Peer 1: 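There's a structure below that I have some questions on.
Everything numeric in this text was worked out from a predicted model, so none of it was measured.
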Amino acid sequence: MNYEKLSLLQALKRWPRITMYSISLSLNILLWGYDSAIVGNVSSMPVFMRVFGVPNPDYGGGDSDNKYIIESIWLSIWSIGMPIGSMIGAGTGGWIQDRTGRKWTLLIGGVISVIAITVCYVADLAKGGKQGVLLVGKLLEGLAVGVIICSTQTYLSEVVPARLRGPILALFPIFTLLGQLVAAVVVLLRLGTEGKSGYRVALASEYPFSTVPIILAFVLPESPVWLIRKEKIEQARSCFKRLHGATVAATHQDLFDEMHKAVHEEQEKARGHSANYIDCFRGTNLRRTFIVVFAYTIEELWGLTLLGHVSYFLQLIGLDSNAAFIILILGVVFGLFANIGSFWTLLRFGRRLLILSTLSLVSVFWLSMGIAGCFKTKAVPYYIAAAMMAIVITAGLGAWPAGYVVASETSSLRLRSKTTGLGWLIGGIIRLIFGFTVPYLYNTDAANLGGKIGFVYIATTGLGVAITWFFVPEMKGLNSSEIDRLFERGAKPWQTGTGFRRVNTSQFERVESTEDETPLRNFKTMSSDRSDYDSYSGVINVQEPMPPQDAFEPLRKRPTF
């Protein structure tokens, strides 16, 4: 059966239980989305500004909501609190996962999140330094999110069949936006509330999201890949059966065999050397780690940090608070529809093509926004708001979800948890830089660029296009073994596919025969999605008949070009 020929509906019908588990696990992303927006949204509430802010030096009197502002230093520090915490959480999350397993790491992260939200809720009770107490809460919440997200993505990348990998991982931006939407709606409903209860209720609304990973830790079966690596084969088979159901698991034993084979080959290649973080920077793994880090920062390059503060930003350039929140909600809704549309684009087009095309189009919108920011008319704030919505829609159809898919596909199985942790750790440093810098670029007590900040994002999106072109290969439809060979052969990214069909892997299968190497097996016998392989990539040449051997016997020597 050629799994790559399955439509989305057919794939969902073929693997219904793993789909439900994956959607349930993706609910953890709601916490990430909510928390990424709550600082910017709560900070724009007038009552919050009075408690945590200072008088606005540009206040002109009247009934304006701008009597107080949050100082840029605190707005920036709060914005980077979560990235700093997530860096720590990601750095330790990979280590925790490899020792306790994927699902129990979720429990640890969920408990930390509950503690963090409590600290944020009581921050205004501090007699002095309440801004600092809120910062401590944001740091703890970032730590929890780093642990939870790393474990979630590692789990999904290990258990989801290749055909569903794109649509399932596209849930990351969808649930991120849903979390942001909930944050915006909660704040909008509490906007007119007098007293501290207005923003306190908004902060407390984060509690339900923190309980999701705690519940899942007791419901999810452990990752079969982790169990195979721990040589608990029977437990791995049992968890694989729970993930797919008895009937589906029996029908798709090839998926389990592929997991077993990939882990076995990597362990043999390591020759007993236990995986560590240094391995992520050795040989071809260095390039793979770089791509993972880049994939995690794509959302910063196209402007997610600024969009997370959009309600506050739009108020600064001339919109009232109600209009700013309504536009924020509209943008989130449009972004949700775009990311749902990415289910189709990720099945139809390659990840590389989607990132290149959508980042290029986003740069055009940023250019138009920068030009609009040079003028002072009543229409400019509305045009900038429309441009921001167009950016969310465009990125939602391509670069945003494709980045998560690339991050999950690129690393080797042996180093997946550690590479994922490093990706979030180093990516967190970049998010920290953006989170600290962006408020200084637009806030009225600093650079005060307004709409002209669009010129800054032209440079960042251009950087994203260049890195994608020169470093990111096309991996659509490839299994773990094929992706390993792709990197080991040093294939040029622009030669790995057009993005309109499965990658042509014939160049990774034709090898020169030598006395001390085992010929590569015909890939059609290794994976069930090769039935029409020859129809567009040519006949596979195998140098000599394969001798009888264990199905999981590793290659003794890797061929070179």
Peer 1: Which side-chain N or O atoms in residues 331-343 pair as donor and acceptor under 3.5 Å with protein atoms at least two apart or in another chain?
Peer 2:
unit_1, atom_1, unit_2, atom_2, d
Asn339, ND2, Gly335, O, 2.9
Ser342, OG, Asn339, O, 2.4

Peer 1: How would you list, by chain and number, every residue that makes a side chain to side chain donor-acceptor pair (under 3.5 Å) with Tyr457, sequence neighbours excluded?
Peer 2: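 Partners of Tyr457 by the side chain to side chain donor-acceptor pair (under 3.5 Å) criterion come out as none, since no residue qualifies.
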Peer 1: Step by step, work out the side chain to side chain contact (heavy atoms under 4.5 Å, CB included) result for Gln10 and Arg163.
Peer 2: CA-CA 10 Å; Gln10 289 172 332; Arg163 188 54 177 164; over 6 Å; no
Peer 1: Applying side-chain hydrogen bond (donor to acceptor under 3.5 Å, both in side chains) as the test, list every pair that has at least one member in residues 17-31; sequence neighbours left out.
Peer 2: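 Those involving residues 17-31 are Asn28-Thr152.
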Peer 1: Can you sort out the partners of Glu299 under salt bridge (charged side-chain N to carboxylate O under 4.0 Å, His left out), two or more places apart, ordered by chain and number?
Peer 2: none
Peer 1: Can you run down the side-chain hydrogen bond (donor to acceptor under 3.5 Å, both in side chains) pairs that involve residues 220-230, sequence neighbours left out, and say none if there aren't any?
Peer 2: Glu158-Ser223
Peer 1: Working note: Val182 + Leu30, criterion side chain to side chain contact (heavy atoms under 4.5 Å, CB included); need CA distance, chi angles, decisive distance, verdict.
Peer 2: CA-CA 9 Å; Val182 172; Leu30 288 171; 5.7 Å; no
Peer 1: When you compare the side chains of Arg416 and Ser411, does any donor N or O come within less than 3.5 Å of an acceptor on the partner?
Peer 2: yes
Peer 1: For a ring-ring contact (aromatic ring centres under 6.0 Å, His included) with Trp400, tell me which candidate from Tyr296, Phe172, Trp302 qualifies.
Peer 2: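 That would be Trp302.
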Peer 1: Testing the basics here: between Val292 and Ala407, what is the closest heavy-atom pair and its distance to 0.1 Å?
Peer 2: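 Here Val292 and Ala407 meet closest at CG2-O, 3.8 Å.
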Peer 1: For the aromatic rings, using the six-membered ring if either is Trp, is the centroid distance between Phe290 and Phe471 under 6.0 Å?
Peer 2: yes
Peer 1: Report the residues that fulfil side chain to side chain contact (heavy atoms under 4.5 Å, CB included) with Thr100, sequence neighbours left out, ordered by chain and then residue number.
Peer 2: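 By the side chain to side chain contact (heavy atoms under 4.5 Å, CB included) rule, Thr100 matches Ile96, Trp104, Thr105.
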Peer 1: Between Gln153 and Thr420, do the side chains contain a donor N or O and an acceptor N or O under 3.5 Å apart?
Peer 2: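 There is no such pair (donor and acceptor under 3.5 Å, judged by atom type) between the side chains of Thr420 and Gln153.
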Peer 1: Taking side chain to side chain contact (heavy atoms under 4.5 Å, CB included) as the definition, give me every residue that meets it alongside Ser412, ordered by chain and number, with sequence neighbours left out.
Peer 2: Glu266, Asn285, Arg288, Arg414, Leu415, Asp484
Peer 1: Run the side chain to side chain contact (heavy atoms under 4.5 Å, CB included) test against Leu361 and tell me which residues pass, sequence neighbours left out.
Peer 2: Phe365, Thr394
Peer 1: For Thr461, enumerate each residue passing the side chain to side chain donor-acceptor pair (under 3.5 Å) test, keeping only those at least two apart in sequence or located in another chain.
Peer 2: none
Peer 1: What do the steps show when you test Lys476 against Arg351 for side chain to side chain contact (heavy atoms under 4.5 Å, CB included), and what is the final call?
Peer 2: CA-CA 7 Å; Lys476 181 176 182 289; Arg351 295 72 160 108; 3.8 Å; yes
Peer 1: Show your working on side chain to side chain contact (heavy atoms under 4.5 Å, CB included) between Arg14 and Leu164 and close with a plain yes or no.
Peer 2: CA-CA 10 Å; Arg14 181 172 287 270; Leu164 283 176; over 6 Å; no
Peer 1: Using the test side chain to side chain contact (heavy atoms under 4.5 Å, CB included), find all partners of Leu356 that sit at least two apart in sequence or belong to another chain.
Peer 2: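 If we apply the side chain to side chain contact (heavy atoms under 4.5 Å, CB included) test to Leu356, skipping adjacent residues, the hits are Arg352, Val465, Thr468, Trp469.
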Peer 1: The criterion is side chain to side chain donor-acceptor pair (under 3.5 Å); which residues satisfy it with Ser210, sequence neighbours excluded?
Peer 2: Ser113
Peer 1: Under the side chain to side chain donor-acceptor pair (under 3.5 Å) test, which residues partner Thr460, sequence neighbours left out?
Peer 2: none
